[in-house]
Amino acid sequence: MNYKIMNQLTLQLKRLGKKKVKTIDVVLDSTPKNLKQLIGACVRHEVKKYNEKREGDIVLSFLNATEIQEQGETGKIAFGDLANKTLAVEETAIENALVAHKDGLYLVFIDDDEITDLEHPLNLTEKSVVSFIRMTFLSGAYW
């Protein structure tokens, strides 16, 4: 079966020792050809999302009953106010992600196959499952 190559991916984020899997949909600017490009594209996407949250103006934040219920299921109810307005630097974040991969702080699996070589060619399709597994027991939320 032939699937078309995609730049829209569903990522699974897992943490060592945790059962919960966070799934996020990502639309990349282009289709990554190797692992290095995939990591860079995912980091760019997350940096953009992170910076947009910090640049937005919130006049009045409040939660409705549905939002309280949804947040209660995750174990944390918050208004979304941000004290830290510092923007992330894209290139620094990509460099940090590549060093973290080299140091073994996270693993990357594509369709249940671990990819370790940054230059490994990728053939992502609309059916591909990309998983990032954080291997450290650090405090904090998903990256």
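Below, all heavy atoms of this structure are taken into account, side chains as well, without hydrogens, waters or symmetry copies. In this chain, residues are counted from 1 in sequence order.
Evaluation of the salt bridge (Lys or Arg N to Asp or Glu O under 4.0 Å) rule for Lys48 yields no partner, not counting sequence neighbours. Residues that satisfy the side-chain contact (heavy atoms from CB on, under 4.5 Å) test with Asp112, not counting sequence neighbours, are absent from this structure.
Hydrophobic clustering of Ile, Leu, Val, Met, Phe, Trp and Tyr side chains at less than 4.5 Å, counting indirect connections, keeps Val89 apart from Tyr50. No continuous path of hydrophobic side-chain contacts links Val21 to Val129 [ILVMFWY only; heavy atoms under 4.5 Å].
With hydrogens and angles ignored, the 3.5 Å screen pairs a side-chain donor or acceptor of Gln37 with a backbone N or O of Lys33. In this structure, the side chain of Asn51 does not engage the main chain of Leu87 through any donor-acceptor pair within 3.5 Å. The closest donor-acceptor contact from the side chain of Tyr106 to the backbone of Ala97 lies under 3.5 Å.
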Listed pairs under 3.5 Å, donor-acceptor, residues 113-122 side chains, sequence neighbours left out:
unit_1, atom_1, unit_2, atom_2, d
Asp117, OD1, Glu119, N, 3.1
Glu119, OE1, Asn34, ND2, 3.3

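Side-chain contact between Leu11 and Cys42: present, with at least one pair of heavy atoms (C-beta onward) separated by less than 4.5 Å.
The existence of a salt bridge linking Lys49 and Glu52 is excluded, since no basic side-chain nitrogen approaches an acidic carboxylate oxygen closer than 4.0 Å.
A 6.0 Å sphere centred on CG of Asp29 holds no more than 12 heavy atoms belonging to other residues, nucleotides or ligands.
When each of Thr92, Ile94, Leu38 is tested with Val43 by the rule side chain to side chain contact (heavy atoms under 4.5 Å, CB included), just one qualifies, namely Ile94.
Once rounded to the nearest 0.5 Å, the distance linking CZ of Phe132 with NZ of Lys22 reads 13.5 Å.
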